[in-house]
Amino acid sequence: FKLEMKIGEREQTVRAKVLVPEAELTRGKNPIGHVKKAWYKPGDRDPKEITDFTGSSAGPLPAFLCGPLKDAKELDAETVESSLGKFECKGVTGTTEFTVGGRENDVTFTNRLHEKAPFGIVSSVMQVEVSRDGQIQQNITMKIRLSKVGKDATSELPDSN
């Protein structure tokens, strides 16, 4: 994963590397339950291995690797532009929740899907409500879009980490 974020005027790039069996990256599966190894690198810091996805060092990985969405509903198709071109993509919306670093995260997903996209997802919008002890601390919107497809991918994080 490579996330380029803008928070107010501040920009930050976050990188993560997650090793999960490919069979667990399909609809209805729970990838986070099958992670073999994972690393997270916020900004210019050194990458750290993640072994506990409930700790604050897991960043947004629990959202990206969550299992089946709750209350999932199908959405009408919309045109989505990606690195593969423009596609009419069916959609699904649903929710999940998880705790990271003592904060509860309630996430509503809107995913756009197409069979030509690796693992099916062309784009995803995640609306995240973060709270602690029942008090909302912040609302975050994360948008991801398929940007590259190919063979022989290399990680920006070293293999030795």
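The residues of the chain are indexed from 1 along the displayed sequence.
Under the 4.5 Å side-chain heavy-atom criterion for Ile, Leu, Val, Met, Phe, Trp and Tyr, Val18 and Ile144 are members of the same hydrophobic cluster. The hydrophobic cluster containing Val14 also contains Met142, counting ILVMFWY residues as joined when their side-chain heavy atoms lie under 4.5 angstrom apart, directly or transitively. Following chains of ILVMFWY side-chain contacts shorter than 4.5 Å, one cannot reach Ile121 starting from Phe87, and the two form parts of different hydrophobic clusters.
Minimum heavy-atom separation, Ser82 to Leu146: CB-O, 4.0 Å. Nearest heavy atoms, Asn30 versus Cys66: OD1-C, 4.0 Å. A pairwise comparison of heavy atoms in Ala72 and Val92 identifies CB-CG2, 4.0 Å as the closest pair. Looking at every heavy atom in both residues, Arg103 comes nearest to Arg132 through CG-NH2, 3.4 Å. Nearest heavy-atom pair, Ala117 versus Val122, reported as atom, atom and distance to 0.1 Å: CB-CG2, 3.7 Å. What you find for Pro31 and Leu65 is that their closest heavy atoms are CD-O, 3.4 Å.
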Report task. Check step by step if side-chain hydrogen bond (donor to acceptor under 3.5 Å, both in side chains) holds for Gln127 and Thr141. Result -> CA-CA 5 Å; Gln127 301 287 338; Thr141 300; 2.9 Å; yes
Requested in this report: May I have the step-by-step check of side-chain contact (heavy atoms from CB on, under 4.5 Å) for Thr79 and Glu81, ending in yes or no?
Outcome: CA-CA 7 Å; Thr79 302; Glu81 198 166 331; over 6 Å; no
Report task. Dump the intermediate steps for side-chain contact (heavy atoms from CB on, under 4.5 Å) on Glu97 and Asn105, then the final yes or no. Result -> CA-CA 5 Å; Glu97 65 268 338; Asn105 294 265; over 6 Å; no
Requested in this report: For the pair Val130 and Val128, evaluate side-chain contact (heavy atoms from CB on, under 4.5 Å) and give the outcome as yes or no after the intermediate values.
Outcome: CA-CA 6 Å; Val130 182; Val128 185; 3.8 Å; yes
Report task. Assess whether side-chain contact (heavy atoms from CB on, under 4.5 Å) is satisfied between Leu61 and Phe1, documenting all intermediate values. Result -> CA-CA 9 Å; Leu61 290 177; Phe1 296 95; 3.8 Å; yes
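One distance of note links CZ of Phe64 with CG of Leu3; it measures 4.5 Å at 0.5 Å rounding. Taken from NE2 in His34 to CG in Leu19, the straight-line distance is 15.0 Å, to the nearest 0.5 Å. The OG1 atom of Thr95 lies 8.5 Å from the NZ atom of Lys73; values are rounded to the nearest 0.5 Å. A distance of 10.5 Å separates OG1 in Thr93 from CD in Glu74, rounded to the nearest 0.5 Å. Note that OG1 of Thr54 is 11.5 Å distant from CZ of Phe98, once rounded to the nearest 0.5 Å. Glu104 contributes atom CD, which lies 10.5 Å from atom CD of Gln135 (distance to the nearest 0.5 angstrom).
The backbone N or O of Gly43 sits less than 3.5 Å from a side-chain atom of Lys41, completing a donor-acceptor pair. With hydrogens and angles ignored, the 3.5 Å screen pairs no side-chain donor or acceptor of Arg45 with any backbone N or O of Tyr40.
No more than 12 heavy-atom neighbours from other residues, nucleotides or ligands sit within 6.0 angstrom of CG on Asp44.
In this model, no donor atom of one side chain and acceptor atom of the other lie less than 3.5 Å apart for Gln137 and Ser131.
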Scan the side chains in residues 106-116 for donor-acceptor partners under 3.5 Å anywhere in the protein, sequence neighbours excluded, and list what turns up.
from, atom 1, to, atom 2, distance (Å)
Asn111, OD1, Ser124, OG, 2.5
Arg112, NH1, Asp76, O, 2.7
Arg112, NH1, Cys89, O, 3.2
Arg112, NH2, Glu78, OE2, 3.4
His114, ND1, Lys116, N, 3.1

